[in-house]
Amino acid sequence: MHIRGRPGELFTAYTADMPANADLSHIFEQMSKILELTGANPFRVNAHGKVARILADLTVDVSQLADDPAKLTAIDGIGEASAKKIVEYLKTGRVKERDELLKEIPKGLLEVMEIPGLGPKTVKLMWERAGVTDVETLKAKLNTGELAQLPRMGTKTVQNIKESIEFIALSGKRIRLGEALPVATQIVERLRGVKGTKQVECAGSLRRGKETIGDIDILASTANPEALSRAFQAMAGVVKVLAAGETKSSVRLDTGIQVDLRVIDEESFGAALMYFTGSKQHNVLMRERAIKKDLRLNEYGLFADADRETEAPQSRGARPVAARTEQEVFAALALPWVPPEIREDRGEFELTSTPNLIDLSDIKAELHAHTVASDGKMTIDQLALEAKARGFHTVAVTDHSKSSAQANGLSADRLRDHIQDVREANQRVKGITILAGSEVDILADGRLDYDDKLLAELDLVIASPHSALRQDPTAATKRLLKAIKHPLVHILGHPTGRLINRREGLQPDINALIEAAVECDTALEINANYLRLDLRDTHIRAAVEFGALLSINTDAHSPDHFDFLHYGILTARRGWLTADRCINAWSRQRLKDWLKSKR
DNA sequence: GCCGTTTTCGGCCCGACTGTTTTCAGTCG
């Protein structure tokens, strides 16, 4: 899935908020599930699931591609049949095949399939042989003992299903990056302290820096696997041990987070780290790549043995071609080392060298921070000293504007005084440049919250949406475009206003915003607060592709919020951002010149 | 259903763990 073009046309395609994309993705996902349940060809099931994923990742509105089916089939993974269904949906609002499929099963069964431990085979069996049609009938029949009569259905399985139902009722949602990473770091530290332990690393979607994660994956090598597994299962917060094998243990914490530990030989640590880091789709392509080279890739290494009829090579004592480090394995497959954050099957297999993605140490300026003047906890001086302690050359004071009354936004008069205070602080505090800025509300119609005369007095203007976050996409696009094109605006702050797991936010035509941002030399923010991560990874990728400037900011309200930068960096890396496109990584002078160019 | 630097047909990634079995199916990642 890698197509280039201009914004608004076909181009590398990555996620989006277009309703048609989301609807179609859901439809294909549903068809995949029903096909699986009715025992269709697994590859057909998989193909539908893949189309669902592609549609969810697309940044262009799929309806813009539908005038010519060739544009659709040009996308890797979408063939004639899927293209037809997409076109059918856009024309009629339905997909006939999906309607037919829905008639084949009780709708509640799809929900039953979501229960951990229950797959298509079991659900089908329970439906056909015990009359289970939804979660409610399942619950009832679990209690009557009726289900235990089914083949391969013992008391343990029944108990596990009961517990799984309770569990999804309690948690359900994926955990945010900023909530999972501190937990994982603590576990990794703890396991590193266990005697005999050699290496412990985080893998999975957490290592890839995804905005939300399903569970925490940890990899370790040790001279004493039993001790490590015991220590893992005995950790504070463990409420249930879900699995406890020789190489894999799995526990659930009181917070509802599931943590998996894999114990791996030192010799195959790299291969295993790669394998358990994923993504799934990236791994599939890596293994296919191995097969094409007459090699076989698994979590034990890359082996010179493509014969899948035989016993696994590691079981026969075969020596791997590469296994100890990820670098070795990538190199043996004629690939540069790919940073974990971009292992998503979004074009990484076309790389000829490791991209120089932005790093935490590149960031030299914080351009979005609040003080006690609005809703922050720091004084101007405290903010400046914290930024200085983080090694920054510049910090901007950007308190809220008057319409953000809930955040004690500054009236025009208060802002004038505040600017003066910042100027004085800039004289007083040595070793850092303090900019007088404002996070100005973008009103629902796109007007800004201060007049131009006042805005012109500021060194830096971030314009952000804070209200009317449910307006329709067309209005949202118009509103944000107006802010981007405003000659006094430097940065568009948290463009969609989304809150992960809590609020969808605006759904503007992101490509239109990017195009305008490039044209007007306005930077788009990557808000590093883990609740926001706005822009999101796929939007960043599109912005990077079209040469927009980006600004990674923590939106700090207190000193510890500076730590959010890590999440912003991970997200930026997922969007393939390099330091030269990020204004926070520029030198003091270059940044100053750029800010001046808008005055 | 999708795809093609040996293919328009015949393939499609790989292994661990659990619970039920007595040799393995189902699920998961």
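These numbers were taken from a predicted model, which means no experiment stands behind them. What you see below is based on every heavy atom in this structure, not just the backbone, and it leaves out hydrogens, waters and symmetry mates. Throughout, protein chains are lettered first and strands after them, A, B, ... in sequence-line order, and every chain is numbered starting at 1.
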- prompt: Between Lys280(A), Arg53(A), Lys210(A), Arg208(A), which is the residue that forms a salt bridge (Lys or Arg N to Asp or Glu O under 4.0 Å) with Glu344(A)?
  reply: Arg208(A)
- prompt: Should dT6(B) be called syn or anti, with syn set as within 90° of 0?
  reply: anti
Check nucleotides 3-7 of chain B for protein N or O atoms closer than 3.5 Å to its own N or O atoms and list the pairs.
from   : atom 1 : to       : atom 2 : distance (Å)
dC3(B) : OP1    : Asp76(A) : OD1    : 3.4
dC3(B) : OP1    : Gly77(A) : N      : 2.6

task: Starting from P on dC2(B), measure out to CG on Leu35(A) and report it in whole angstrom.
output: 12 Å
query: dG19(B) and dT23(B): how far apart are their C1' atoms, nearest whole angstrom?
result: 13 Å
message: Tell me the interatomic distance from Ile27(A), atom CD1, to dG1(B), atom P, rounded to whole angstroms.
response: 16 Å
query: Do any pairs count as a side chain to side chain donor-acceptor pair (under 3.5 Å) and have a residue in residues 226-243 of chain A, sequence neighbours left out, and if so which ones?
result: Glu163(A)-Lys240(A), Gln233(A)-Ser249(A)
message: Counting the atoms with a prime plus P, OP1 and OP2 as sugar-phosphate, which does Lys85(A) contact under 4.0 Å by heavy atoms, base, sugar-phosphate, or nothing?
response: sugar-phosphate
field: Rounded distance in Å between the C1' positions of dT8(B) and dG1(B)
entry: 15 Å
- prompt: In whole Å, what is the span from the CG atom of Asn298(A) to the C1' atom of dA16(B)?
  reply: 12 Å
- prompt: Does NZ in Lys107(A) sit with more than 12 non-hydrogen atoms of other residues, nucleotides or ligands closer than 6.0 Å?
  reply: no
Please list every donor-acceptor pair under 3.5 Å in which a side-chain atom of residues 212-221 of chain A meets a protein atom from a residue at least two apart or in another chain.
from      : atom 1 : to        : atom 2 : distance (Å)
Thr212(A) : OG1    : Arg174(A) : NE     : 2.9
Ser221(A) : OG     : Gln199(A) : N      : 3.3

task: Give the rounded distance in Å between these two atoms: CG of Leu242(A) and P of dC17(B).
output: 14 Å
query: If we take the C1' atom in both dA16(B) and dC9(B), what is their distance in whole Å?
result: 34 Å
- prompt: Is the backbone of Leu242(A) close enough, under 3.5 Å, to the side chain of Ser250(A) for a donor and an acceptor to pair up by distance?
  reply: no
query: When the distance from CD1 of Ile291(A) to C1' of dC14(B) is rounded to whole Å, what number comes out?
result: 9 Å
task: Could you tell me whether a side-chain N or O of Ser32(A) sits under 3.5 Å from a main-chain N or O of Phe28(A), the two making a donor and an acceptor?
output: no
- prompt: Rounding to the closest angstrom, what is the interatomic distance between dC14(B) and dT20(B) at atom C1'?
  reply: 23 Å
Residues Glu29(A), Arg98(A): salt bridge by 4.0 Å N-O rule: no
- request: Could you check Ser249(A) against Asn283(A) and say which one's nearest nucleotide on DNA chain B is further toward the 5' end?
  value: Asn283(A)
- prompt: Is the backbone N or O of Gly347(A) less than 3.5 Å from a side-chain atom of Glu350(A), with the two atoms forming a donor-acceptor pair by type?
  reply: no
message: For Thr137(A) and Asp134(A), which I'm curious about, is there any donor-acceptor pair between the side chains at under 3.5 Å?
response: yes
task: Would you classify Ser82(A) as touching base, sugar-phosphate or nothing, given that sugar-phosphate means primed atoms plus P, OP1 and OP2, and contacts are heavy atoms under 4.0 Å?
output: sugar-phosphate
Atom-to-atom span, CG of Asn41(A) to P of dG11(B) - whole angstrom: 13 Å
query: Between Ser25(A) and Asn21(A), is there a donor-acceptor pair closer than 3.5 Å when you use the side chain of the first and the backbone of the second?
result: no
task: Rounded to the nearest angstrom, tell me the gap between atom CG in Leu147(A) and atom C1' in dT20(B).
output: 16 Å
- prompt: Quick one, which residues of residues 154-164 of chain A touch DNA chain B with a heavy atom under 4.0 Å?
  reply: Gly154(A), Thr155(A), Lys156(A), Thr157(A), Asn160(A)
Rounded distance in Å - CG (Asn46(A)) to P (dC14(B)): 14 Å
- prompt: Taking 4.0 angstrom as the limit, do Lys103(A) and Glu100(A) come out as a salt bridge?
  reply: yes
- line: Paired to dT8(B) by Watson-Crick or G-U wobble criteria (both distances under 3.5 Å) is none
- request: Give a yes or no on whether a salt bridge exists between Lys50(A) and Asp345(A), defined as a side-chain N under 4.0 angstrom from a carboxylate O.
  value: no
- request: Sticking with atom C1', work out how far dT6(B) lies from dG11(B), rounded to a whole angstrom.
  value: 14 Å
query: Distance between the P atoms of dC12(B) and dC17(B), in whole angstroms?
result: 25 Å
task: Among residues two or more places apart or on two chains, list those pairs meeting salt bridge (Lys or Arg N to Asp or Glu O under 4.0 Å) that have a residue in residues 83-92 of chain A.
output: Lys85(A)-Glu97(A)
query: When every nucleotide of nucleotides 21-29 of chain B is labelled 5' to 3' by its protein contacts under 4.0 Å (heavy atoms), B for base, S for sugar-phosphate only, - for none, what sequence of letters results?
result: ---BBSSSB
